[in-house]
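Please read the structure below before turning to the comments.
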Amino acid sequence: QRLRIERGELLELAYRKPKKNRLKLVVLCDVSKSMDLYSSFLIQFIYAFQSVYRRIETFVFSTSLHRISAELKQQHFQTALQELSDKVVGWSGGTQIGQSLASFVQDYSRLLDKQTIVLILSDGWDTGDTDALADSMALIHQKARKVIWMNPLAGNPQYEPTVQGRQAAMPYVDIFAPAHNAES
């Protein structure tokens, strides 16, 4: 834009266009026993994605929640995977999605806003409190831009989300999709 000054001089005003609000990504990956077949593949996918997408926070859960963003950014994949499986309590153990998401809401909900996509990678098998799962999902859905749930079992044409954990979460999921192979 040009602005005329008192003595007839023209002054060019420089201004910056507002920055586009870049989306943030929060990934919550189930590493319980029922996800053993898929955990390494999903963690490798997250590891690769984290190297090209800077605004990402990564968590894994089984019976409890663990933030792993720093570990995935600092090491070679095989080393990171081995350290995570040794370090993360409950890796290949039971699944308490509700308790894990309640921990996320309590400790990390500040990461959520309308520029955040939450990606949950889980089969939905939950041995914990489904009310806690529904309550946590409701809050996550309310604060985030979108909630995407990717389930490796959903690649089977006969799959139906009938487990209680999946049913408790479904009302708060914007996109439900398979995660059974690289294409999906």
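Between the NZ atom of Lys143 and the OG1 atom of Thr116 there is a distance of 9.5 Å, given to the nearest 0.5 Å. One finds the SG atom of Cys29 at 12.5 Å from the NE2 atom of His66 (value rounded to the nearest 0.5 Å). From Phe59, atom CZ reaches atom CG of Leu119 across 13.0 Å, with rounding to the nearest 0.5 Å. Atoms CG and CG, on Leu42 and Leu121 in that order, are 5.0 Å from each other to the nearest 0.5 Å. To the nearest 0.5 angstrom, Asp135 atom CG is 11.0 Å from Ile140 atom CD1.
Here the two rings, on Phe104 and Phe61, have centers that are 6.0 Å apart or farther.
Side chain of Asp126 to backbone of Ile97: a donor-acceptor contact under 3.5 angstrom is found. Within the 3.5 Å criterion, the main-chain N or O of Thr95 finds no donor-acceptor partner in the side chain of Ser32. The backbone N or O of Pro178 sits nowhere less than 3.5 Å from a side-chain atom of Asn151 that would complete a donor-acceptor pair. A donor-acceptor pair under 3.5 Å links the side-chain atoms of Asp174 to the main chain of Val147, judged by distance alone. The main-chain N or O of Val105 is found under 3.5 Å from a side-chain atom of Ser109 such that the two form a donor-acceptor pair. Checked by atom type and distance alone, the side chain of Glu57 never pairs as donor or acceptor with a backbone atom of Leu25 at under 3.5 Å. Checked by atom type and distance alone, the side chain of Trp149 pairs as donor or acceptor with a backbone atom of Ser122 at under 3.5 Å. Listed for the Lys114 side chain is a donor-acceptor partner under 3.5 Å among the backbone atoms of Ala144.
One finds a salt bridge joining Lys24 and Asp113 here, because a Lys/Arg side-chain nitrogen approaches an Asp/Glu carboxylate oxygen to under 4.0 Å.
A side-chain N or O of Thr58 and one of Gln50 form a donor-acceptor pair less than 3.5 Å apart.
A heavy-atom distance below 4.5 Å is found between the side chains of Ile43 and Phe77. Using a 4.5 Å heavy-atom cutoff, the side chains of Leu153 and Tyr38 are in contact. Looking at Ile148 and Ile117, their side chains come closer than 4.5 Å, going by heavy atoms from C-beta outward. Taking 4.5 Å as the limit, some side-chain heavy atom of Tyr108 sits within range of a side-chain heavy atom of Leu65. Looking at Met35 and Pro152, their side chains come closer than 4.5 Å, going by heavy atoms from C-beta outward. Residues His141 and Leu139 form no side-chain contact, since every pair of their non-hydrogen atoms from C-beta on lies 4.5 Å or further apart. Side-chain contact between Met137 and Leu101 is present, with at least one heavy-atom pair separated by less than 4.5 Å.
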Walk me through whether Lys87 and Glu71 qualify under side-chain contact (heavy atoms from CB on, under 4.5 Å). CA-CA 11 Å; Lys87 176 182 169 182; Glu71 288 83 355; 2.3 Å; yes
Could you go through the side-chain contact (heavy atoms from CB on, under 4.5 Å) check for Ile46 and Gln44 one step at a time? CA-CA 5 Å; Ile46 296 165; Gln44 187 171 10; over 6 Å; no
Going through the distances and angles, do Asp36 and Val31 end up as a side-chain contact (heavy atoms from CB on, under 4.5 Å)? CA-CA 7 Å; Asp36 262 353; Val31 293; over 6 Å; no
Passes side-chain contact (heavy atoms from CB on, under 4.5 Å), Phe49 versus Ile56? Steps please. CA-CA 9 Å; Phe49 198 67; Ile56 184 172; 3.8 Å; yes
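Heavy-atom minimum distance, Ser62 versus Ser100: O-OG, 3.6 Å. The shortest heavy-atom contact between Leu23 and Arg145 is CD2-NH1, 3.4 Å. Here the shortest heavy-atom pairing between Ser136 and Gly98 reads OG-O, 4.0 Å.
Of the options Asp30, Leu28, Val88, a side-chain contact (heavy atoms from CB on, under 4.5 Å) to Val60 is made by Val88 and by none of the others.
Within a 6.0 Å sphere centred on NZ of Lys33, other residues, nucleotides and ligands contribute 12 heavy atoms or fewer.
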